[in-house]
2 protein chains.
Amino acid sequence: MANHSASLDTAFHALADPTRRAVVHRLVRGAAPVKELAAPFEMGLPAFLKHLRVLEESGLIATEKRGRVRTCRLQPGRLTETERWLSRQRALWDASAERLAAYVETQMEEDETE
Amino acid sequence: MANHSASLDTAFHALADPTRRAVVHRLVRGAAPVKELAAPFEMGLPAFLKHLRVLEESGLIATEKRGRVRTCRLQPGRLTETERWLSRQRALWDASAERLAAYVETQMEEDETE
DNA sequence: TCTATGGTTCACCGTATGGCAAACCATAGC
DNA sequence: GCTATGGTTTGCCATACGGTGAACCATAGA
């Protein structure tokens, strides 16, 4: 399992901030320019641009500048990559829990035959 | 959508570190004492304990001390909570992509009738 | 060409993070 | 009781993070 993965590092880090999660949540509905994305937040543009940079460097979003407006769009690959790591852990957990349940059952049967 | 969620903040933050992800990955196979968890890593115990603290405060793991050994076990709830946020985003993305596809198709039909 | 708009850069600040070494505490086992 | 073991606390350090204000750049539109 690739626990030591730079892309997971940056993706999880990017998602650890409510502002950035909100941006992702907005972008799943489609691309948007920086100003529109920044509108709902109290902070200044420089701070907001830093968040966008973090998202872009994590590969969660891609941006393109046409004229003077920069358009941001979601890059769903990274989202599914992190989702897959999580679901894999849960799958392992479930398998392990099943093993545990099976073991407990075995023990109970042995108790019966005592 | 709860983008502004302290538990998502701390969970994602906790998972943004390869050491902590490795600990989670180990704990899906079952509970383990601190020393065993720390063994694979180069860092000293104090540093490692900080990681455990982050994991515990995020709710991803729970720990209990019996005698002089502290046992750590996974708390799968938080894992599924973060997984659910991600899958929700992807679901919205898919829906939006489908809408886009439907729209494109509509446009093509309109082109045909021109 | 002038102006407003949308972004960008820069310098700075306080706090959080991730690591260390060293000293310390508490219990298991002889 | 002594010692080894497993864990904890404390103080320190360098770097990263999230924000600010001010100055700046480049293009769209009158």
Side-chain angles (χ1 to χ4, degrees), chain A residues 3-27 30-73 82, chain B residues 3-27 30-73 82:
Chain A
N3 297 309
H4 189 68
S5 154
S7 66
L8 284 178
D9 281 13
T10 54
F12 276 122
H13 168 66
L15 294 172
D17 182 286
T19 300
R20 292 192 291 254
R21 277 200 307 280
V23 169
V24 167
H25 181 57
R26 164 62 189 81
L27 288 182
V34 169
K35 209 204 178 185
E36 183 189 327
L37 288 175
F41 304 101
E42 297 291 323
M43 73 191 73
L45 258 191
F48 187 76
L49 283 180
K50 281 192 189 177
H51 285 301
L52 283 187
R53 217 175 224 294
V54 170
L55 284 168
E56 186 168 17
E57 284 177 358
S58 78
L60 282 165
I61 72 169
T63 78
E64 189 192 5
K65 192 162 185 179
R66 292 173 72 102
R68 67 181 168 180
V69 10
R70 178 174 295 276
T71 307
C72 307
R73 65 186 66 253
T82 71
Chain B
N3 298 309
H4 189 68
S5 155
S7 65
L8 284 178
D9 281 14
T10 55
F12 276 122
H13 169 65
L15 294 172
D17 182 285
T19 299
R20 294 193 291 255
R21 279 200 307 279
V23 169
V24 168
H25 181 56
R26 163 64 187 81
L27 288 181
V34 169
K35 209 203 177 186
E36 183 189 328
L37 287 176
F41 304 100
E42 297 290 324
M43 72 190 72
L45 258 189
F48 186 75
L49 283 179
K50 280 194 189 176
H51 285 300
L52 283 188
R53 219 178 223 295
V54 170
L55 283 168
E56 187 167 17
E57 284 177 359
S58 78
L60 282 165
I61 73 170
T63 78
E64 190 193 4
K65 190 162 186 178
R66 293 173 72 102
R68 67 182 166 177
V69 11
R70 178 175 295 277
T71 307
C72 307
R73 66 185 66 253
T82 70

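Numbers restart at 1 for each chain; the letters A, B, ... are given by sequence-line order, proteins then strands. Nothing here was measured: the structure is a model prediction, and the numbers come from that model.
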Under 3.5 Å donor-acceptor pair, B/Lys65 side-chain atoms to D/dG7 base atoms: no
Inter-end axis angle, the helix from C/dT1-D/dA30 to C/dC30-D/dG1, with every axis fitted to five base pairs (rounded, 10 degrees): 30°
B/Arg20 and B/His13, any side-chain heavy atoms less than 4.5 Å apart: yes
Side chains of A/Leu52 and A/Val34 in contact at under 4.5 Å (non-hydrogen atoms): yes
Close side-chain approach of B/His51 to B/Asp17, heavy-atom, < 4.5 Å: yes
For atom CG of B/Leu52 and atom P of C/dG18, their distance in whole Å: 13 Å
Worked verdict on A/Thr71 versus A/Glu64 for side chain to side chain donor-acceptor pair (under 3.5 Å): CA-CA 5 Å; A/Thr71 307; A/Glu64 189 192 5; over 6 Å; no
Contact under 4.0 Å: B/His13 side-chain N or O vs C/dA16 OP1/OP2: no
Atom-to-atom span, CZ of A/Phe48 to C1' of C/dG6 - whole angstrom: 13 Å
Phosphate OP1/OP2 of D/dT8 contacted by B/Arg53 side-chain N/O (<4.0 Å): no
Spacing between A/Arg68 atom CZ and C/dG6 atom P, to the nearest angstrom: 6 Å
Sugar-phosphate, base or nothing in reach of B/Arg20, heavy atoms under 4.0 Å: sugar-phosphate
Gap between atoms CZ and P, on B/Phe41 and C/dG19 respectively (whole Å): 10 Å
Heavy-atom side-chain proximity of A/Val24 to A/Leu15 below 4.5 angstrom: yes
Candidate nucleotides C/dG19, C/dG7, D/dG7, ranked by approach to the side chain of B/Leu49 - the nearest: D/dG7
Atom pair distance, as rounded to whole Å: CD in B/Glu42 and C1' in C/dC20: 14 Å
Listed nucleotide nearest any side-chain atom of B/Met43, set C/dG19, D/dT8, C/dG7: C/dG19
Spacing of A/Lys50 atom NZ relative to D/dG19 atom P, expressed in whole Å: 9 Å
Side chain to side chain, A/Thr19 and A/Phe48, heavy atoms closer than 4.5 Å: yes
Under-3.5 Å donor-acceptor pair between A/Lys35 side chain and C/dG7 base: no
Minimum-distance nucleotide to A/Leu45 side chain [options: D/dT20, C/dG19, C/dG7]: C/dG7
For atom CD of A/Glu36 and atom P of C/dG7, their distance in whole Å: 10 Å
Distance test, side-chain N/O of B/His51 to OP1/OP2 of C/dG19, below 4.0 Å: yes
Earlier contact from the 5' end, DNA chain D, for A/Gly67 and A/Pro46: A/Pro46
Close side-chain approach of A/Leu37 and A/Arg26, heavy atoms under 4.5 Å: yes
Between D/dA26 (P) and A/Arg70 (CZ): distance, integer Å: 14 Å
Sub-4.5 Å side-chain heavy-atom contact between A/Leu8 and A/Thr82: yes
